[in-house]
Amino acid sequence: MKKILLIDGHSILNRAFYGLPDLTNYEGLHTNAVLGFLNIIFKIMDEEKPDHMCVAFDVHEPTFRHLKYSAYKGTRKPMPEELREQVPLMKEVLTAMHVTIVEKGGYEADDIIGTISRMAERNGYATVIVSGDRDLLQLATDTILVRIPKTKASGTTIENYYAKDVVEAYGVTPVQFIDMKGLMGDTSDNIPGVPGIGEKTAAKLMIEYGSMENILDHLDTVKPPRVQKNLTENMDLAVMSKDLATIKLDCELDISLDEMTIESLFNDDSYKIFKRLGFNSLLKKFGTVTETAEIDPVITLLETTEQIDGFLADKMKNIDKIGLYPIWKDGTLFGLSAAISDKEVYILSNLNGMEHDRLTENIVSATRNGMQIDILDLKEALSVFPFDESDTKVHDIGVAAYLLNPMEDVYSYDAVARDYLGATLPSEKELVGKDELNLFSFANETFQKLFAYKALIPYLVGDLLMEHLEKQEMFTLYNEIEMPTVYTLYDMEHRGIRVDRKALDDYSVKLQSRIDDLHTDIIGYAGKEFNINSPKQLGVILFEDMGLSGGKKTKTGYSTSVDVLEKIKNDHPIIPAILEYRQLTKLNSTYAQGLTAYISEDGRIHGTFNQTITATGRISSTDPNLQNIPMKLELGRLIRKAFIPEDGYVFVDADYSQIELRVLAHLSGDQVMQNAFLNHVDIHATTASEVFDVPIDQVTSLQRRNAKAVNFGIVYGISAFGLSEDLGISRKEAADYIEKYFATYKNIKSFLDRQVEEAKADGVVRTMFGRIRPVPELRSSNFMTRSFGERVAMNSPIQGTAADIIKIAMFRVNMELKKRGLKSRLILQIHDELLVETAKDEIDIVKEIMEKEMMGAADMAVPLEIGISEGDNWYDAK
DNA sequence: CTAGTCACG
DNA sequence: ACGTACGTGACTAGC
């Protein structure tokens with residue numbers, strides 16, 4: 001038996017939109033409704049295995065259904081812009097999948113579905129209707145199934161109705177369903193119904209009389225009198241309402257069921273559009289990658305010494321640029337992929353030591369003779385090619401792409417090709433999956449493709465990206481800040497930081513014994529064994545079994561976060577025990593034990609610094625994260641004693657003092673705040689004095705602390721709510737603080753407002769050095785999202801400028817150390833702090849360099865000040 | 001693979 | 001009325 005799937009397009013799209021969080025693709029296109037729609041229909045197709053399908057849409061917006069009775073329209077909210085833009089997108093996706101779309105002026109989607117369902121029934125099809133709208137239940141019969149999906153946090157569940165299920169659930173047949181709706185009305189559909197008749201009365205009447213006509217024919221017998229009166233006075237309304245509620249079954253559609261045959265849902269077109277929309281989870285439905293890429297270079301494999309020498313002698317001559325990808329793993333070079341024209345990629349393999357040396361020598365001297373080199377990830381390539389800061393013709397394409405749009409999550413060859421060449425390429429994962437690189441990879445065609453893309457894409461986009469940077473006035477930023485930073489980060493990773501494994505082990509043992517005691521105590525208090533690390537189990541124990549107050553907060557259960565527990569810590573001794581347990585297990589698992597896993601054979605940790613992650617321009621640190629080693633609490637801070645310099649060295653640590661507020665004082669031009677910094681006064685105390693209107697020498701410590709919180713709040717993009725939460729004061733008080741703050745620092749207020757205005761106008765905000773941060777949230781129709789955008793617009797220029805400044809300081813310090821032939825090396829950057837492993841005989845000169853380069857990194861209206869100290873470990877150096 | 005929690009600036 | 005501070009990364013539990 002043939003089976004057809006009939007989908008209520010707008011209704012499912014609407015369900016999907018509200019069921020999924022707001023997702024956007026790389027272009028900022030909203031995609032959540034489209035993705036949700038696809039997930040729902042794929043799920044149903046899996047279950048039903050239909051051979052025919054179509055999607056029906058209303059021609060006009062479904063917001064104002066039944067326009068002919070427009071007097072009754074208007075109870076629905078207008079469709080949000082984020083959803084509206086997904087309607088044409090959805091149709092585009094369906095068209096790409098060769099799914100039939102049916103829409104016709106004058107007909108609602110449900111009329112179309114009703115008509116086709118009867119067509120299908122007459123032709124002996126099994127029919128499945130999918131809609132989020134219960135109105136369609138009137139279409140259910142013995143062979144027509146109506147399925148209503150519900151998207152919940154836990155996943156999608158679907159209610160299923162044949163005619164008998166409608167009777168069971170509602171006590172009326174599908175046909176009676178229409179009469180019932182006519183009686184009770186439906187505000188969301190703008191069906192008036194009869195005044196005074198709701199669901200209960202309508203159901204009672206239907207059971208007694210069977211149809212609206214029968215009720216109207218026997219009005220005199222209807223009870224109670226009030227209902228009889230309403231019906232008598234509103235007979236027209238009742239009839240009209242029924243008419244409105246009735247789905248047409250006889251639309252004139254010039255379409256046949258044959259045209260709705262499902263074929264080739266997964267083809268090149270749909271593949272491309274899924275890729276464009278970022279529906280990576282759906283790509284696996286395409287099976288093996290078959291699409292023909294627009295970019296199709298001739299790949300030549302070079303394996304012998306003669307071939308490699310030939311390449312160097314012939315191909316490398318007379319070219320002015322090259323795209324490179326060194327193929328290596330775990331410090332071993334396997335080969336090199338080189339793009340020398342739009343269509344030619346050479347893959348060099350089987351490199352022996354001598355070939356390797358000749359190759360790198362050749363490449364380095366070529367660029368020093370003017371050849372441009374485009375590399376996707378330069379920092380990674382530096383372990384093979386010894387370029388340095390002076391090699392200005394070497395480009396990092398990943399970093400360039402990051403500057404042009406810092407909001408993307410990756411800058412892989414396929415992402416860059418998509419953004420700048422409009423080309424859809426298979427990703428690394430799609431090409432080689434989890435297959436590991438080894439010597440045999442060179443014979444493998446998909447690996448060859450991968451190597452080729454990684455060299456060719458940078459070659460193809462290099463000049464284009466530089467032009468974009470010029471146009472956006474970011475080339476100087478790229479060239480003079482970001483590129484030197486690439487080399488600096490490489491040096492820092494390469495150098496690493498020495499860690500005392502034994503110190504970490506001892507610390508861990510100490511923690512573990514206390515953790516064990518706490519565990520015993522907590523289980524004792526709870527009265528039964530449970531996993532304290534499970535927020536779910538913990539929540540149940542605390543708030544159900546033990547009956548503590550605290551209430552729900554998260555969607556999956558109770559929140560057990562610090563701020564919740566802090567509030568009830570005096571209610572029961574289990575709470576402080578849990579807080580301490582949490583603190584200690586965190587220290588143990590993430591730091592004491594976690595860090596030891598990263599110690600290399602040289603006794604040092606060589607983490608990774610990422611330059612293309614943050615939206616603001618900051619560096620991030622991974623494997624391990626060396627930018628969040630404990631500091632605030634003494635117990636955690638002790639971890640820093642395990643970070644030690646090599647023998648004969650000490651640590652010199654310097655951090656900027658209030659760099660973000662100084663940046664703000666400079667950028668805003670606020671004289672009051674600038675004067676505070678120019679006079680070297682305590683900025684938080686000064687702020688307290690102004691805001692709380694007391695002489696500076698009478699500012700209490702509480703007032704200073706509050707003023708400090710306000711200063712932080714300003715930098716984050718102030719809101720009265722956020723400040724009140726942080727300080728534990730009322731929102732009104734917080735608003736008062738903010739008001740007084742802005743009265744004191746008038747130009748700061750106008751500066752922050754200006755950021756938001758400019759972001760609205762340009763779509764981006766900029767740092768002092770021209771770095772951009774897009775703020776698409778400001779265009780949202782959602783209040784919360786928009787507010788977030790406003791805070792981002794206020795915060796990013798401040799945080800980003802501070803990030804620019806420390807990058808400058810960082811590479812200047814690094815370069816100066818190298819240039820002077822010193823043994824000391826920069827090893828860490830923690831946003832406003834630099835750590836230099838310093839030879840004991842170089843302490844004075846290192847301090848001098850750090851002071852000069854950090855304080856002189858930017859020319860501002862206020863001085864940049866630093867705190868600097870030294871020690872035999874990181875703990876003592878801070 | 002996501003959510004919750006918590007470490008840092 | 002909406003329901004929050006800005007920027008990160010690692011670990012654990014539990015699907």
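Here is how names work: the chains are called A, B, and so on, in the same order as the sequence lines, proteins then strands, and each is numbered from 1. Small disclaimer: the values here were computed from a predicted structure and weren't measured.
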* Asked: Among A/Ile639, A/Ile644, A/Leu504, whose side-chain contact (heavy atoms from CB on, under 4.5 Å) with A/Val499 holds?
  -> A/Leu504
* Pairwise P distance for B/dC6 and C/dG3, with rounding to whole Å -> 24 Å
* Please state how far atom NZ in A/Lys878 lies from atom P in B/dC8, giving the value in whole angstrom units. => 11 Å
* Searching all strands shown, indicate the nucleotide that pairs with C/dC6 (Watson-Crick or G-U wobble; both distances under 3.5 Å). => B/dG9
* **Value in whole Å for how far the P atom of B/dT2 lies from NZ of A/Lys536** => 18 Å
* In whole angstroms, how far is the P atom of B/dG9 from the CG atom of A/Leu835? -> 13 Å
* Asked: When the distance from CG of A/Leu595 to P of B/dC8 is rounded to whole Å, what number comes out?
  -> 13 Å
* Asked: Which part of the nucleic acid, if any, lies within reach of A/Asn531 when heavy atoms closer than 4.0 Å are counted: base, sugar-phosphate only, or nothing?
  -> sugar-phosphate
* Looking at every strand, decide which applies to A/Thr585 at a 4.0 Å heavy-atom threshold: base, sugar-phosphate, or nothing. => nothing
* Within the pair A/Ser589 and C/dA10, is there a side-chain N or O less than 4.0 Å away from OP1 or OP2? -> no
* Can you check the A/Asn588 CG to C/dA10 C1' distance for me, whole Å? -> 14 Å
* Take atom CD1 of A/Ile866 and atom P of B/dG9, then tell me their distance rounded to the nearest Å. => 17 Å
* Would A/Arg766 and A/Glu758 pass as an ion pair if we require N to O under 4.0 Å? -> no
* Is the closest basic N to carboxylate O distance between A/Arg779 and A/Glu81 below 4.0 Å? -> no
* Select base, sugar-phosphate, or nothing to describe what A/Gln537 touches, counting heavy atoms under 4.0 Å on all strands. => sugar-phosphate
* Asked: Less than 4.0 Å between a side-chain N and a carboxylate O, is that true for A/Lys807 and A/Glu482?
  -> yes
* C/dT12 P sits how many Å from A/Tyr581 OH, rounded? -> 10 Å
* Take A/Asp500 and A/Lys641, measure what salt bridge (Lys or Arg N to Asp or Glu O under 4.0 Å) needs, and give me the verdict at the end. => CA-CA 8 Å; A/Asp500 182 350; A/Lys641 283 186 184 286; over 6 Å; no
* To do: Between B/dG4 and C/dA5, how far apart are the P atoms? Round to whole Å, please.
  => 13 Å
* Answer yes or no: is there an ion pair linking A/Asp736 with A/Lys740, defined by an N-O contact shorter than 4.0 Å? => no
* Asked: Over how many whole Å does the gap from A/Gln829 atom CD to B/dG9 atom P extend?
  -> 12 Å
* Asked: Reading nucleotides 3-9 of chain C from the 5' end, what letters show protein touch, with B for base, S for backbone sugar-phosphate only, - for no heavy atom under 4.0 Å?
  -> BBBBBSB
* Asked: Parallel, tilted or perpendicular: which fits the ring planes of A/Tyr558 and A/Phe543, with parallel below 30° and perpendicular above 60°?
  -> tilted
